[in-house]
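Hydrogens, waters and symmetry mates are skipped; everything else that's a heavy atom, side chains included, is used.
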Amino acid sequence: MIKVITYGTYDLLHHGHRRLLERARALGDYLIVGVTADGFDRARGKLNVQQSLLERIAAVRATGLADEIIVEEYEGQKIDDIRRYGVQIFTVGSDWMGKFDYLREYCEVIYLPRTEGISSSALRTERRMVRLGLVGEGRVLSKYKRECAFVNGLQAAGICTPGGQAELSGEEDILVTDRYEELLEQVDAVYIVSHPSRHFQQVEAALRRGRHVLCESPVVLREAEYRALSRLAEERGLVLMDAIKTAYATAYYRLLLLLKSGCIGEIVSVDVTCTSLKVTPDHRPRGEVWNSICAWGPVAMLPVFQLLSTDYLDCSMTSCLIDEAARFDIYTKIDFLYPHATASVKVGKGIKSEGELIISGTKGYIYVPAPWWKTDYFEIRYENPAENRRCFYPLEGEGIRYELVSFVRSIERGASDSYIDQAVTAGITRVVEAFYSGEKLRRICLKSVPCRQEA
C-alpha cells in the first residue's frame, strides 16, 4: 500500500483545494490529510483564517477524499508524521516549490500544480473589505496603519489626529484630517487610540453613524457610559470591541488555556507589574495626559479578571499623585480580594520596576518575564525543577494585527470574536472610575517629587 500525506489550512475550502486533494489521492492508495491547528496557523503568520479547526476538518471530511485526517500542531511535525504513518509520498501545492525538499530524506516529495485564479485569500478579500479609520494622537498611528496591511480585507482608509497633516506628513497616500466627522464619512469602522477622556464622545458619534468601533482601553472612564455604549452598539447591530493587544498575543492566549487545564492547580494569587519611564509631553492640555492607571491599568488588570473574574470581594488602591487636579499618578497599586484568591496590580508611569507576571497555584506557578505583556515565552515551574516546562510562541506586530483580524471577523459574522469579554471591559472601567472618584484611594507622596494639590 502506498501512503500519501499532504497538509493545508483548508480555510473556506474551494474547488482549488478539492483538485489538489484529488491529485494527491491519485498518487497512492491511502491519503492522509493534515489540517493545521489554529495556534500553528497563527504562529506561522496566517492571521486571516476565517473558519475554526473543527469547521475546516469537517469540510475536508465532506470531500470524501481523505482516508485519514490528522491535526498539524507544531514545527517539524511533518517528519514525525511521515515516520509514524509509514508514508511513501509527501505532496503539496507548487507554490511551495523547494520549501519541503528536506523531506526527500524520508520519502518522495511531489509538488502539484495549483488551480489558477482561485485562493482562500482571494475569497476572503472578496467577502468583505472594511475601510478603517484611525483616531488618535502622534505618529503612533502610522504603526497601526502598517499593521492593517497584514490583514486580508482590511484597508486603512484615513487618519484623524489633532495635528492633521503637520503631525503625519508622511502619510500622503490616505486621508489625514483633524475633523472627526470627515473621517467618519469615509470609513466603515474606526480604531480609537485617543486619550480616554475623548472616548465616550468619539465612540458614541461613530456608533450613531453606523460605524463599528475598536477602542483602546479603558474604553471610557465610567461604567455607566460603557453600558450605554454597549446597548447602543447592540441595538444598531454594530461591533464595539476593547483593544488590549496583549489579549491576542499567542503566548498569553496559550497561557490562559494551560491554566484552565489545571496545570498549576487552583490559582491562589496573581501578581502583575507594568511600568515605564516614558515622559509625557508638556504641550498636551491638562487632563489629557496618559497617567499610570489609564496607560497601564487595563493591561495589568486583564489577567486578573480573565483568571479570577470581576466578582472580587474588595478592591483597594494606593497612588502617588503628582498632580491631584489632573489625576496624574506616577504609581498606583491595586489589591483585589477574592473568596479563594488575591491579586496585586502595580502600574507606573514615571517609576520603573520588573514588568513580570506571576501566577501562583496549589501545584506550581507560572512565571512570565518582562515585558510580560508582549512576551513570546513563559515558564511553568514546580517544586521539582525536573518537571518545569518552557513555552515559546512567536509574537508578530505586538498583537495589533491579531486584534485587527478578530475585529474584522466580528464585523463579518455580526457577532463578537473578541478575546475580551464585556464583563472584563466593564470591570476595568469600574476600577478606573473608582480611581478618579477617589473611592478607597490612599495617597503617598515621594520626598523628591512634591505632590501638586488641587487649587
Side-chain angles (χ1 to χ4, degrees), residues 38-39 42 214-219 223 226 230 240-274 293-315 334-347 355-362 364-380 391 393 395 398-400 402-403 405-407 409-410 416-432 434:
D38 296 332
R42 290 183 65 179
L214 178 63
C215 186
E216 197 75 11
S217 201
V219 175
E223 187 180 3
Y226 175 67
S230 297
L240 171 59
M241 273 179 52
D242 192 340
I244 305 178
K245 53 184 177 289
T246 300
Y248 299 87
T250 304
Y252 177 77
Y253 183 67
R254 287 286 179 156
L255 180 151
L256 294 183
L257 295 179
L258 282 169
L259 286 168
K260 289 178 181 178
S261 72
C263 64
I264 62 169
E266 184 178 351
I267 296 173
V268 176
S269 174
V270 179
D271 296 287
V272 196
T273 302
C274 297
I293 194 69
C294 288
W296 286 119
V299 178
M301 286 185 273
L302 180 70
V304 174
F305 290 158
Q306 289 190 319
L307 292 171
L308 300 178
S309 87
T310 58
D311 297 324
Y312 47 82
L313 298 176
D314 190 32
C315 168
I334 312 172
D335 293 303
F336 296 97
L337 176 64
Y338 290 85
H340 305 290
T342 64
S344 177
V345 166
K346 291 183 286 186
V347 295
E356 59 189 11
L357 168 63
I358 300 174
I359 304 163
S360 306
T362 55
Y365 70 99
I366 285 184
Y367 172 71
V368 191
W372 75 264
W373 52 91
K374 54 181 179 181
T375 188
D376 57 1
Y377 160 78
F378 62 87
E379 293 184 19
I380 308 174
C391 304
Y393 301 95
L395 176 65
E398 301 180 26
I400 297 171
Y402 300 140
E403 72 178 2
V405 168
S406 181
F407 185 47
R409 281 181 182 170
S410 298
S416 176
D417 189 52
S418 174
Y419 286 22
I420 306 170
D421 292 339
Q422 287 190 349
V424 171
T425 301
I428 291 170
T429 307
R430 186 183 315 129
V431 174
V432 172

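Without hydrogens or angle criteria, S418 side chain to M241 main chain gives no donor-acceptor distance under 3.5 Å. The main-chain N or O of P369 is never found under 3.5 Å from a side-chain atom of Y377 such that the two would form a donor-acceptor pair. In this structure, the side chain of Y365 does not engage the main chain of I358 through any donor-acceptor pair within 3.5 Å.
Between K245 and E403, none of the side-chain N atoms (NZ, or NE/NH1/NH2) sits under 4.0 Å from a carboxylate O, so this pair counts as no salt bridge.
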Quick one, Q422 with Y226, criterion side chain to side chain contact (heavy atoms under 4.5 Å, CB included). Give me CA distance, side-chain angles, the key distance, then yes/no. CA-CA 9 Å; Q422 287 190 349; Y226 175 67; 3.4 Å; yes

Can I334 and I293 be said to form a side chain to side chain contact (heavy atoms under 4.5 Å, CB included), step by step? CA-CA 10 Å; I334 312 172; I293 194 69; 3.8 Å; yes

Side-chain donor-acceptor pairs of residues 258-269 under 3.5 Å, sequence neighbours excluded:
unit_1 : atom_1 : unit_2 : atom_2 : d
S261   : OG     : L258   : O      : 2.4
S269   : OG     : D271   : OD2    : 3.0

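In this structure, the ring pair (Phe, Tyr, Trp, His ring centres under 6.0 Å) partners of F336, at least two apart in sequence or on a different chain, are F305, Y312.
To the nearest 0.5 angstrom, L256 atom CG is 7.5 Å from I359 atom CD1. Atoms CH2 and SG, on W373 and C274 in that order, are 5.0 Å from each other to the nearest 0.5 Å. The OH atom of Y253 sits 13.5 Å away from the OH atom of Y402 when rounded to the nearest 0.5 Å. Going from atom OH of Y338 over to atom CG of L307 covers 9.0 Å, rounded to the nearest 0.5 Å. Annotation: the span from M301 atom CE to T310 atom OG1 amounts to 11.5 Å, rounded to 0.5 Å. For the atom pair CD1 (I380) and SG (C391), the distance works out to 4.5 Å, reported to the nearest 0.5 Å.
In terms of heavy-atom proximity, L357 sits nearest to P303 at CD1-CG, 4.2 Å. The heavy-atom pair separating A343 from V304 by the smallest distance is CB-CG1, 3.6 Å. Contact between D335 and S344 at its shortest, heavy atoms only, is OD1-OG, 3.5 Å. The minimum heavy-atom distance between P218 and C294, with the atom names listed, is CD-O, 3.6 Å. In this structure, Y393 and T250 approach most closely via the heavy-atom pair CB-CG2, 3.7 Å. S217 approaches P298 most closely through the heavy-atom pair OG-CB, 3.3 Å.
Looking at heavy atoms from C-beta onward, I428 lies in side-chain contact with I244 at the 4.5 angstrom threshold. A heavy-atom distance below 4.5 Å is not found between the side chains of V368 and Y252. Looking only at side-chain heavy atoms (C-beta outward), W296 and K346 stay at 4.5 Å or farther from each other.
Atom CD of E223 sits in a crowded spot, with more than 12 heavy atoms from other residues, nucleotides or ligands closer than 6.0 Å.
Each of T273, V299, L255 was compared with W372 under the side-chain contact (heavy atoms from CB on, under 4.5 Å) criterion, and only V299 meets it.
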